[in-house]
Structure formats: structure tokens, C-alpha cells
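All values reported here derive from a predicted model rather than from experimental measurement. FYI, the numbering just counts along the sequence from 1.
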Amino acid sequence: MKEVLPEYYGEGSTTFYDIGASQHNYNIYMNFSKLLGVRGVPLIGIFYNNTLYGVVEGEFPPEAAQEIVEKAIENNGVIILISSGTYLLPRNETKAIEAIENMTKWFLNGEVVGQ
């Protein structure tokens, strides 16, 4: 996905945080693990206009990102696609809002190492 997504969406469209090269990134990943139960990599945040619309565990067809964003907007939430299932975190429920805010912060506060 590290190579495929930039090829599909263009250079500068992705940021990669290596959890093996940074304790900080590993700790962020563990936050996702505790919140969502994820265990796999890559863990991908899908943003549009600086807003989180999707979280995907593992590889996926890059063209599916647009559909994820559209469905999330249509349903006013964040779509979560992880090994345990597909979920919608609604942007109008207190616990979901807090989770979305935390995930957004975690995705944006990783540490780029060795690029």
C-alpha cells in the first residue's frame, strides 16, 4: 500500500508511519489496537479535506477510498473496515465523536522516520 496509494492518488497524497522504526508510532498503533481491536498492518486513515472518513486495516483496492469517503459523508460518520467487521462511527454520538477525534489526532501525529 505504501507504493500503490501514491501511484493511484499522486505523490504527496500519503504519509507513512513505520511502527517498527519508532516507539512513538508503535504507541500510536497500540492506541488503535486498544480502541478498535486491530492487530494487522497497514492501518490506513482515509482523509478528505483534512477530515477522517475511513479507517482500514490491511490492504484494499485504492479506488475503494473514494467510495468509502462518499459512504461516510452520506451516513455522517467514519467507516471502519477491520478484520472483525465493518462499522460506522456516527459523528453525532458523544462516544463516537471522542473516538473520531482521538483517531484523527493519532493519524496526524505520527513520526516520519527515514524518508
Problem set entry | Shared hydrophobic cluster, V41 / L81 (ILVMFWY, side-chain heavy atoms < 4.5 Å) | no

Exercise. Has N76 got more than 12 heavy atoms of other residues, nucleotides or ligands less than 6.0 Å from its CG?
Worked result: yes

Exercise. Would a hydrophobic clustering, with Ile, Leu, Val, Met, Phe, Trp and Tyr connected at side-chain separations under 4.5 Å, put V55 with I19?
Worked result: yes

Problem set entry | CG on L89 to CD1 on I80, rounded to 0.5 Å | 4.5 Å

Seminar exercise, completed: On a heavy-atom basis, the closest approach of M1 and F60 is CE-O, 3.2 Å

Problem set entry | Donor-acceptor under 3.5 Å (E57 side chain, R39 main chain) | yes

For this session: Check V113 against A21 and note the closest heavy-atom contact, atom names and distance.
Result: CG1-CB, 3.9 Å

For this session: With rounding to the nearest 0.5 Å, note down the distance linking CG in N109 to CG in N27.
Result: 13.0 Å

Problem set entry | Path from I68 to V78 over hydrophobic side-chain contacts below 4.5 Å | no

Problem set entry | Atom of W106, atom of L35 and distance for their closest heavy-atom approach | CZ3-CD2, 3.8 Å

Problem set entry | From CG (N75) to CG (L88), nearest 0.5 Å | 5.5 Å

Problem set entry | Donor-acceptor contact present, side-chain Y87 to main-chain I82, <3.5 Å | no

For this session: Report whether F47 and I73 are members of the same hydrophobic cluster (ILVMFWY, side-chain heavy atoms less than 4.5 Å apart, transitive linking).
Result: no

For this session: Write down the atom of A72, the atom of I79, and the distance for their closest heavy-atom approach.
Result: N-CD1, 3.5 Å

Exercise. Are K95 and E98 close enough, and set up right, to give a side chain to side chain contact (heavy atoms under 4.5 Å, CB included), and what steps lead you there?
Worked result: CA-CA 5 Å; K95 285 188 177 188; E98 182 180 335; 5.7 Å; no

Exercise. To the nearest 0.5 Å, how far apart are CD in E70 and CD in Q66?
Worked result: 4.5 Å

Exercise. Roughly how far, to the nearest 0.5 Å, is the CZ atom of R91 from the CG atom of L52?
Worked result: 6.5 Å

For this session: For residues F107 and F32, establish whether the separation of their ring centroids is below 6.0 Å.
Result: yes

For this session: Looking only at non-hydrogen atoms, find the nearest pair between E111 and Y17 and report the distance.
Result: N-CD2, 3.4 Å

For this session: Look only at the side chain of N25 and the backbone of D18, and say whether a donor-acceptor pair between them is shorter than 3.5 Å.
Result: yes

Exercise. Which heavy atom in T14 sits nearest to a heavy atom in P6, and how many Å separate them?
Worked result: OG1-CG, 3.3 Å

Exercise. Can you tell me how far CD of E3 sits from CG of L5, rounded to the nearest 0.5 angstrom?
Worked result: 9.5 Å

Exercise. Within the side chain of S33, is there an N or O that forms a donor-acceptor pair under 3.5 Å with the backbone of Y29?
Worked result: no

Exercise. Can Y53 be reached from L108 by stepping across I, L, V, M, F, W or Y side chains whose heavy atoms are under 4.5 Å apart?
Worked result: no

